**Q** 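Let me give you the structure first, and then I'll get to my questions.
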Amino acid sequence: LGYSLEELLSRPIKSFVHKEDRIQTEKTQNNLYSGGNITNFENRYVTKEGKVVWLSWTATSLPEQEIIFAVAKNITEEKSLRELNREVGKLAKIGSWEMSFVDQRLFWSDEVHRIHETDPSSFVPTLDTAIDFYREDFRQFALSSFEKCIETGESYEIEAVIVTSNNKERWVRTTAKAEYIDGACVRVYGSFQDINERKQAEN
């Protein structure tokens with residue numbers, strides 16, 4: 001952060017934290033003070049030169065000894081790349097998805113949620129609900145492509161129509177690729193793109 005040890009010790013920790021992150025940081029600190037641990041907690045700090053840096057914290061609390069051990073990693077560049085990718089994804093109307101068979105969890109990026117008109121904070125996608133979003137005449141096609149990818153490892157790229165949570169029909173392009181460990185498929189992942197404007201122009 002560019003401060004001397006004396007400067008760091010002379011002020012409360014929160015005074016170095018970016019104003020927008022102070023409330024969440026205080027909540028996390030209180031959790032540590034009461035004996036909790038944190039992993040990969042991200043917040044912003046302001047350096048002595050006035051620059052903003054992102055730090056990722058992992059901390060272990062020992063309340064009986066009144067000690068907290070913490071390690072921070074500078075992830076400023078990584079966050080910038082993440083944000084850039086997010087913005088590019090918005091412009092291209094493309095997001096990412098992943099189906100993990102290790103923990104049976106389907107992940108959708110924010111852009112995939114936007115395309116489906118679902119709320120990322122409350123809607124938890126599953127394989128069944130994802131397939132059900134496809135319009136009925138495309139549903140079996142999408143499911144068969146996915147199952148073939150799992151069974152044979154053959155990647156695919158399909159164009160189909162989904163019906164969003166707000167009952168809007170939308171053309172999408174989805175790609176998928178399988179990953180295997182010891183002959184077993186552990187995950188399928190790919191991209192999901194809104195191509196509705198292109199399809200309308202073609203029509």
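Quantities reported herein were computed from a predicted structural model and do not represent experimental measurements. We use all heavy atoms of the structure for the numbers below, so side chains are in, but hydrogens, waters and symmetry mates are not.
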**Q** Strictly under 6.0 Å, is that where the ring centroids of His116 and Phe123 end up?
**A**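 When the ring centroids of His116 and Phe123 are compared, they turn out to be at least 6.0 Å apart.
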**Q** Under a single-linkage definition using a 4.5 Å side-chain heavy-atom cutoff for Ile, Leu, Val, Met, Phe, Trp and Tyr, are Ile75 and Phe41 assigned to the same hydrophobic cluster?
**A**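 Each belongs to a different hydrophobic cluster.
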**Q** State, yes or no, whether a side-chain contact exists between Phe107 and Arg105 at a heavy-atom distance under 4.5 Å.
**A**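 Yes, their side chains come closer than 4.5 Å.
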**Q** State plainly whether the residues Arg170 and Glu197 are in salt-bridge range, i.e. N to O under 4.0 Å.
**A**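 No, no charged N to carboxylate O under 4.0 Å.
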**Q** Could you check whether Asp194 pairs with Arg173 (Lys NZ or Arg NE/NH1/NH2 to Asp/Glu carboxylate O, under 4.0 Å)?
**A**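 Salt bridge flag = no for Arg173 with Asp194.
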**Q** ring-ring contact (aromatic ring centres under 6.0 Å, His included) with Tyr3: which residues, sequence neighbours excluded?
**A**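 ring-ring contact (aromatic ring centres under 6.0 Å, His included) check on Tyr3 returns Phe16.
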**Q** How close do Ala130 and Tyr134 get, heavy atom to heavy atom, and via which atoms?
**A**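 Smallest heavy-atom distance, with atoms named: O-CD1, 3.6 Å.
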**Q** Are the side chain of Trp54 and the backbone N or O of Glu78 linked by a donor-acceptor pair below 3.5 Å?
**A**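 Not at all, since once roles are kept as given, no pair shorter than 3.5 Å links the two residues.
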**Q** Looking at Arg198 and Glu202, is there a salt bridge between them, counting it only when a charged N and a carboxylate O are closer than 4.0 Å?
**A**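 A salt bridge links Glu202 with Arg198.
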**Q** Which pair of heavy atoms, one from Ile115 and one from Lys93, lies closest together, and at what distance?
**A**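 In this case the closest contact between Ile115 and Lys93 is CD1-O, 3.7 Å.
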**Q** Would you check if the side chain of Ser155 reaches a backbone N or O of Lys177 as a donor-acceptor pair within less than 3.5 Å?
**A**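 Absent.
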**Q** Can you tell which of Ile150, Thr126, Leu106, Val186 makes a side chain to side chain contact (heavy atoms under 4.5 Å, CB included) with Met99?
**A**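 Per the side chain to side chain contact (heavy atoms under 4.5 Å, CB included) rule, the option paired with Met99 is Leu106, out of Ile150, Thr126, Leu106, Val186.
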**Q** Given side chains that start at C-beta, do those of Thr175 and Tyr156 come closer than 4.5 Å, heavy atoms only?
**A**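 The answer is no, as the side chains (C-beta and beyond) never meet within the 4.5 Å cut-off.
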**Q** Would you say Lys199 has more than 12 foreign heavy atoms packed within less than 6.0 Å of its NZ?
**A**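 Yes - once you tally the heavy atoms of other residues, nucleotides and ligands closer than 6.0 Å, there are more than 12.
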**Q** Ile158 and Ser145: which non-hydrogen atoms are nearest, and at how many Å?
**A**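 Between these two residues, the closest heavy atoms are CG2-OG, 3.9 Å.
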**Q** What is the minimum heavy-atom distance between Phe133 and Ser165, and which atoms define it?
**A**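 Phe133 and Ser165 have their closest heavy atoms at CE2-N, 3.7 Å.
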**Q** Check the pair Thr174 / Trp97 against side chain to side chain contact (heavy atoms under 4.5 Å, CB included), numbers first and verdict last.
**A** CA-CA 10 Å; Thr174 182; Trp97 63 274; 3.5 Å; yes
**Q** Answer yes or no: does atom CD1 of Ile13 have more than 12 heavy-atom neighbours from other residues, nucleotides or ligands under 6.0 Å?
**A**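 It does not: Ile13 CD1 has 12 such atoms or fewer within range.
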**Q** Where do Val53 and Thr47 land on the side chain to side chain contact (heavy atoms under 4.5 Å, CB included) test, with the steps shown first?
**A** CA-CA 7 Å; Val53 297; Thr47 70; 3.8 Å; yes
**Q** Within the side chain of Tyr33, is there an N or O that forms a donor-acceptor pair under 3.5 Å with the backbone of Ser61?
**A**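 It does not hold such a pair.
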**Q** Taking Ile94 as the starting point, is it possible to reach Val172 by hopping between hydrophobic residues whose side chains are less than 4.5 Å apart?
**A**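 Looking at the clustering, Ile94 is in a separate group from Val172.
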**Q** Please check if atom CD in Glu66 has more than 12 non-hydrogen atoms from other residues, nucleotides or ligands closer than 6.0 Å.
**A**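 At most 12 heavy atoms, drawn from other residues, nucleotides or ligands, come within 6.0 Å of this atom.
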**Q** Look only at the side chain of Tyr180 and the backbone of Gly153, and say whether a donor-acceptor pair between them is shorter than 3.5 Å.
**A**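 Side chain of Tyr180 to backbone of Gly153, a donor-acceptor pair under 3.5 Å: yes, one is there.
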**Q** Are Tyr45 and Val52 side-chain neighbours, meaning at least one heavy-atom pair lies under 4.5 Å?
**A**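 No, side chains not in contact.
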**Q** Of all heavy-atom pairs between Val161 and Glu169, which one has the smallest distance, and what is that distance?
**A**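 Smallest heavy-atom distance, with atoms named: CG1-CB, 4.1 Å.
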**Q** Who are the side-chain hydrogen bond (donor to acceptor under 3.5 Å, both in side chains) partners of Asn74, not counting sequence neighbours?
**A**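 side-chain hydrogen bond (donor to acceptor under 3.5 Å, both in side chains) list for Asn74, sorted by chain: Thr76.
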**Q** Between Gln24 and Asn43, is the side chain to side chain contact (heavy atoms under 4.5 Å, CB included) condition met? List the steps.
**A** CA-CA 9 Å; Gln24 189 58 44; Asn43 62 355; over 6 Å; no
**Q** Shared ILVMFWY cluster between Trp108 and Val124, side chains joined below 4.5 angstrom?
**A**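 No, because Trp108 and Val124 fall into different hydrophobic clusters, even though each may have its own neighbours under 4.5 Å.
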**Q** Is Arg135 positioned over the aromatic face of Phe138, cation under 6.0 angstrom from the ring centre and no more than 45 degrees off axis?
**A**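 Ring-cation test returns no.
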**Q** Taking only residues two or more places apart in sequence or in another chain, which ones pass side-chain hydrogen bond (donor to acceptor under 3.5 Å, both in side chains) with Asn166?
**A**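 If we apply the side-chain hydrogen bond (donor to acceptor under 3.5 Å, both in side chains) test to Asn166, skipping adjacent residues, the hits are Glu117.
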**Q** Should the heavy atoms of other residues, nucleotides or ligands under 6.0 Å from CD of Gln104 be counted, would the total exceed 12?
**A**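 More than 12 within 6.0 Å, yes.
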**Q** Enumerate the salt bridge (Lys or Arg N to Asp or Glu O under 4.0 Å) contacts for residues 31-50, please, sequence neighbours excluded, ordered by first and then second residue.
**A**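 Every pair satisfying salt bridge (Lys or Arg N to Asp or Glu O under 4.0 Å) with a residue in residues 31-50: Glu7-Lys48, Glu20-Arg44, Asp21-Arg44, Glu42-Lys79, Glu42-Arg82, Glu49-Lys51.
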**Q** Charged N to carboxylate O below 4.0 Å: is that the case for Arg139 and Glu136?
**A**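 Result for this pair is no, no salt bridge flagged.
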**Q** Could you tell me if Thr28 and Asn31 have a donor-acceptor pair between their side chains, going purely by distance under 3.5 Å?
**A**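 No, because no side-chain N or O of Asn31 sits under 3.5 Å from a partner of the opposite role on Thr28.
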**Q** When clusters are formed by joining ILVMFWY residues with side-chain heavy atoms under 4.5 Å apart, either directly or through shared neighbours, do Ile68 and Leu8 land in the same one?
**A**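 In one cluster with Ile68: Leu8, yes.
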**Q** Taking only residues two or more places apart in sequence or in another chain, which ones pass side-chain hydrogen bond (donor to acceptor under 3.5 Å, both in side chains) with Ser34?
**A**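 Testing Ser34 for side-chain hydrogen bond (donor to acceptor under 3.5 Å, both in side chains), a comparison that skips the adjacent residues, returns none.
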**Q** Considering residues, nucleotides and ligands other than Asp103, do more than 12 of their heavy atoms fall under 6.0 Å from its CG?
**A**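 Result for CG/Asp103: enclosed.
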**Q** Looking only at heavy atoms, what is the nearest atom pair of Gly95 and Ser109, with distance?
**A**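 Taking Gly95 first and Ser109 second, the nearest heavy atoms are CA-OG, 3.4 Å.
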**Q** Between Leu143 and Phe101, is there shared hydrophobic-cluster membership here, with clusters defined by ILVMFWY side-chain heavy atoms closer than 4.5 Å?
**A**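 The answer is yes; both residues are in one hydrophobic cluster.
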**Q** Between Ser96 and Ser191, do the side chains contain an N or O donor and an N or O acceptor separated by less than 3.5 Å?
**A**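 There is no such pair (donor and acceptor under 3.5 Å, judged by atom type) between the side chains of Ser96 and Ser191.
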**Q** Got a sec, which residues hit side-chain hydrogen bond (donor to acceptor under 3.5 Å, both in side chains) with Ser15, two or more places apart in sequence or on another chain?
**A**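 In terms of side-chain hydrogen bond (donor to acceptor under 3.5 Å, both in side chains), with neighbours along the sequence ignored, Ser15 is linked to Arg11.
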**Q** Heavy atoms, side chains only, cut-off 4.5 Å: are Asn40 and Trp57 in contact?
**A**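 No, every pair of side-chain atoms sits at 4.5 Å or beyond.
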**Q** Find the distance between CD1 (Ile162) and CG (Asn196) and round it off to the nearest 0.5 Å.
**A**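 Reported value, rounded in 0.5 Å steps: 9.0 Å.
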